[in-house]
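Notes to accompany the following structure.
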There are 2 protein chains.
Amino acid sequence: MSKKPSIPKGTRDFNPEEVSRRNYIFNAIKETFSLYGFQPIETPSFENSETLMGKYGEEGDRLIFKILDSGDYLNEVRNNIDSTAKLSNSVLLFYEGLLVRNITDWDNELIIGLDIFFQNDYDKNYSRNFFNQRKTEILNLSKVYKDFNNAEKAAVRQNILLLYINDYKNLDLLDPKIATRLVSGKALRYDLTVPFARYVVQHQNEITFPFKRYQIQPVWRADRPQKGRFREFYQCDADVVGSTSLWQEVEFVQLYDAVFTKLGLNGVTIKINNRKILSGIAETIGADDKLIDFTVALDKLDKIGEEGVKKEMREKGISETALEKLQPLFSFKGINDEKLNSLKGLLNNSKLGMKGVEELEFIINNIEKLQLQTASLEIDVTLARGLNYYTGAIFEVSAPAEVSMGSIGGGGRYDDLTGIFGLKDMSGVGISFGLDRIYLVLEELNLFPETVSENSKALFINFGEQEALYAMKAISKLRKVGIKAELYPDATKMGKQMGYADKRNIPFAILAGEKEMDAETFTLKNMKSGEQQELNLDGLLQALQIDKKIIN
Amino acid sequence: MSKKPSIPKGTRDFNPEEVSRRNYIFNAIKETFSLYGFQPIETPSFENSETLMGKYGEEGDRLIFKILDSGDYLNEVRNNIDSTAKLSNSVLLFYEGLLVRNITDWDNELIIGLDIFFQNDYDKNYSRNFFNQRKTEILNLSKVYKDFNNAEKAAVRQNILLLYINDYKNLDLLDPKIATRLVSGKALRYDLTVPFARYVVQHQNEITFPFKRYQIQPVWRADRPQKGRFREFYQCDADVVGSTSLWQEVEFVQLYDAVFTKLGLNGVTIKINNRKILSGIAETIGADDKLIDFTVALDKLDKIGEEGVKKEMREKGISETALEKLQPLFSFKGINDEKLNSLKGLLNNSKLGMKGVEELEFIINNIEKLQLQTASLEIDVTLARGLNYYTGAIFEVSAPAEVSMGSIGGGGRYDDLTGIFGLKDMSGVGISFGLDRIYLVLEELNLFPETVSENSKALFINFGEQEALYAMKAISKLRKVGIKAELYPDATKMGKQMGYADKRNIPFAILAGEKEMDAETFTLKNMKSGEQQELNLDGLLQALQIDKKIIN
């Protein structure tokens, strides 16, 4: 293999600087999660396919990376083809008959049918042997299929029949959905929410509820890679399950504020909405059945303006009377209190809507009393993120206005997180941070501290074996007090070694040749200023440690 | 889905305590790597299959988890079957003819051949249309195959022909190796070494050599899961590439010592050997060709004793004369200096062997001068770990004798790490830490500090909306000085809330009802002793902060 190696589309290598910068963000998030009482869990990179499939809609299912069970996964398919080739036309007719009769208890029918078949036409032993051969395959297949439900089993059986009767044209055995189940029982995590729900249900007896957990792990999506969209990326989630208290929503607003303040990213806007308000509006204007159409249109207010939104709503069949009732939303401006009043006017006939306003008011009021550090909280009724999913609060965080970037975080409340795995009535609320976008924002605003990198503080120049030992002794001492120092491994030309310190941005070079060894000193050279001083070990330690405080 | 969800065999969920304990080990390793001048990189979880396949031997290839390219991966196969079914016997003969003639420039031959074929037998348009239909498939296939080498291409072409001539019996298209390439272009990382080699070659122009990198990421192996062997586990590697200096081996010995000292794990033994010594011994006893047999037998000295080893060597065809020469190895005891002398005696006729002894001596001598903190370094000529791979030093770390556990770390020098990707003459040396085993050892010896957990310091009891707001104001202040505190989200029975603090091992409960609110105080209750004190906010801050230093 002589061509230059590469990595799969949509994946990334991270060099030391990038890793350090990413860790800087991860650490800010982790420390804050922990400060707020969230505790870390981790789940496996791959889950059983059945845990993930069907949880993200049809599009999501398609984007889940499946993992092959073993190298021999296609043998099954090969065996089927093999059998087909051996099938005689007459046996085929028998199978066809079974198929036409739409038999369900297939194994039994096969045996009975075969007996009849033999008696009518063929040498008994030959055909029975032939069937026995098939039977093993059928039994093998049934082992593979034991986790299928009845409908899936029926589909697979039909497919085997189709194979046996050489009806390749209608072959559905190789239909991606079924075939995936045949060859792949595992799939890479698509998000952290479904694995978290699985974790809560699986470990419900060990967990003390309300359970506050955070999880920072990569997820994988077979999306078409494009700028800013990757096939492997990290999610940073914090969730609480097992309590409906709105104080949790209050805390999540504070948490967003705390993390972005810590990162020096001032001026983010935490937008908040409530699913009940959206439902209430739809109810009020008599468009319960058009909730999605209505929110999709409203979401475009920023882009297409009031008239544009109204036009789209009209096209979707929302009446003029309804649009009149909606009018307050189009002049929905001002501070949060004004917006709350406006919503109360609009929704006073919707019990559900008023419940949403009440929830929103609780959060807004308490945040006003507790105060945020650098972020602002803003009601945004056009916010409809994850509408099918959230049942209460909906959050989305925007980067400061000077950066053009989509949302850098989001979340909300979902009343039935664990129901999909059989544990009912577990209300949850959670938020997520978008690492990659936060990285880009900090980069664009030049907010990464210079000291983020894990770089060494000093490079000892290597002048030969004795000098190197002298250096290594000093290095051991420096490391013991936490100063990052290293020896250039080879006693090559000094220029090359200095060049190395330069390229790696190591701030100091330390030279210790015969002269220094005799005097038990070291020459400390500042790589930027070129300034040099001769110091004993204590002096060196002190110089680097003082500087450590300044530089690190 | 009502049955309790589960995770795939060989994978694990980690609860908060386990994550914290694992992070405690990761952090000790990371901080030390960084202190020694290693910088972090990260590579994608999956690599192109061709990057990984063939790098770990046949067994390794089998254990690599392959990822499906998309949901439609089997369509290719289906299309082939489909075509087959449509093939007439006469067209078949034509293809068969091509096959027999062992044509290599197949696409051209097909076109020429088809023309002849038409003229001889059939309605020109019908057959040409038929071929055009095939041609699309061939072109599609050739797109898929474009990364195959010539031998692989030929194999695939032959397979297509076999399909076309209905010779299912000899069908190799579905041979796992080739089929894997057809449906899966990606595979999960099997270790960190091959991705690192790929990284170095791919980014060689951005890297300053010698390149000291560390990498702590999970790897995946489709091994049969068993106690202590997982399908997903972390590797913690540090390597240097681009220098042959033995100071690096010296540093790795120091690094092992530093990490285990930091973890409080005293008494580990760092065993060291050298590939050149093993080769030298084999050379000396005239058994160059039996190096593997010889080292496999020698490796069992601990278990089966001198006579057992000799018996096995005899069975493998090692002569009595050779065994006599080996005698010093069987009485290979004493301090490192004695062992070095003994080796010099044994190997004085082997240039390669003496080079190994010299390397070993350099490392041993310098470590003696620099001294280790808690570990000991011990020559072990039976150590043959990764023999096919290492070319110089070989390391392995054993846990203290009181714990029965395999190696908790290992590594060595490999002279041609990046050669597999076309970058020659890059010597590398590296070590690895076995996280899971280190975890078990620390657990068994009770060495995890109690303060490892990220648990909250105090739980504020929730007495209702006003009290909760009063609590939340205090919590904000505590968090600002880094004290982990939280509010119980619901104003339920106090017993339940105290029980929650208890179960979560939160050391303090803070009660603030009407009385405290009036007095602007808080009642701090020690959950262990039951002791209570009423404090104002400053007092509370101080009490928890003092305690923070003690407890955290």
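So you know, we letter chains A, B, ... as the sequences are listed, proteins then strands, and number each from 1.
Residue contact with chain A, scored on non-hydrogen atoms closer than 4.5 Å, is absent for B:A197. Looking at B:L188, only its side chain comes within 4.5 Å of chain A, counting heavy atoms on both sides. For B:T32, no part lies under 4.5 angstrom from a heavy atom of chain A. The contact between B:S456 and chain A is made entirely by side chain atoms (from C-beta outward), counting heavy-atom distances below 4.5 Å. Only the side chain of B:Q373 has a heavy atom closer than 4.5 Å to any heavy atom of chain A. With a 4.5 angstrom heavy-atom cutoff, B:K9 does not touch chain A via any of its atoms. B:E42 touches chain A through backbone and side chain together, each having a heavy atom under 4.5 Å away. For a residue to count as touching a neighbouring chain, one of its non-hydrogen atoms must lie under 4.5 Å from one of that chain's; by this rule B:Y214 touches chain A with the side chain only. B:F33 does not touch chain A: none of its heavy atoms, backbone or side chain, sits under 4.5 Å away. Of the two parts of B:Q202, the backbone and the side chain both hold a non-hydrogen atom closer than 4.5 Å to a non-hydrogen atom of chain A.
A donor and an acceptor atom, one from each side chain of A:D13 and B:H203, are located under 3.5 Å apart.
Taken from CZ in B:F46 to CZ in A:R231, the straight-line distance is 6.5 Å, to the nearest 0.5 Å. Atom-to-atom distance recorded for A:I67:CD1 and B:W220:CH2 is 8.5 Å, nearest 0.5 angstrom.
For chain B, the option among A:A491, A:P489, A:P195, A:S243 with the highest count of heavy-atom pairs below 4.5 Å is A:P489. Among the candidates A:D490, A:I207, A:T43, the residue making the largest number of heavy-atom pairs closer than 4.5 Å to chain B is A:D490. Of the residues considered (A:K473, A:Q371, A:Q204), A:K473 shows the highest number of contacts with chain B, using heavy-atom pairs under 4.5 Å. The candidate with the highest count of non-hydrogen atom pairs below 4.5 Å against chain B, out of A:G499, A:P40, A:G37, is A:P40. Note: A:E232 leads A:K369, A:E232, A:K503 in heavy-atom pairs under 4.5 Å with chain B. In terms of heavy-atom pairs under 4.5 Å with chain B, the best-connected choice from A:T208, A:L63, A:N366, A:I64 is A:T208.
Closest approach of A:I41 and B:P16 over heavy atoms only: CG2-CD, 3.8 Å. Residues B:I7 and A:R198 approach most closely at CG2-CZ, 3.1 Å, considering heavy atoms.
In this structure the side chain of A:M472 reaches within 4.5 angstrom of the side chain of B:E251, judged on heavy atoms. Side-chain atoms of A:N15 and B:Y199, non-hydrogen and from C-beta on, do get closer than 4.5 Å to each other. Residues A:P210 and B:Y488 meet the side-chain proximity criterion, which asks for heavy atoms closer than 4.5 Å. Proximity of B:K484 to A:S34: side-chain heavy atoms (C-beta onward) are separated by under 4.5 Å at one or more points.
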